[in-house]
Amino acid sequence: MATWRNLTIGAIHLAGIHGIVAALRRSARDPKRPLALLGLT
């Protein structure tokens, strides 16, 4: 689980989003958001 969390944090950081905690909460509520961040939608 730590690997997935670190991957997510890295992707959020590379996208230029500075509010990591808020972005993680938004991603947890919307399962499509992480895929969109990675360009997989």
Side-chain angles (χ1 to χ4, degrees):
M1 294 303 287
T3 301
W4 291 112
R5 180 179 171 86
N6 289 336
L7 175 67
T8 304
I9 290 171
I12 290 169
H13 183 68
L14 288 174
I17 301 169
H18 297 291
I20 300 292
V21 174
L24 287 174
R25 287 183 185 143
R26 281 190 300 258
S27 294
R29 283 182 293 201
D30 183 9
K32 294 180 183 176
R33 183 175 282 259
L35 296 175
L37 183 64
L38 295 172
L40 299 175
T41 59

- Item | Taking every non-hydrogen atom, the tightest pair across P31 and R29 | CD-O, 3.7 Å
- Item | I17-I20 co-clustered via ILVMFWY side chain contacts under 4.5 Å | yes
- Please round to the nearest 0.5 Å and tell me the distance separating atom CE of M1 and atom OG1 of T3. 10.0 Å
- Message: Working note: T8 + I12, criterion side-chain contact (heavy atoms from CB on, under 4.5 Å); need CA distance, chi angles, decisive distance, verdict.
- Response: CA-CA 6 Å; T8 304; I12 290 169; 3.8 Å; yes
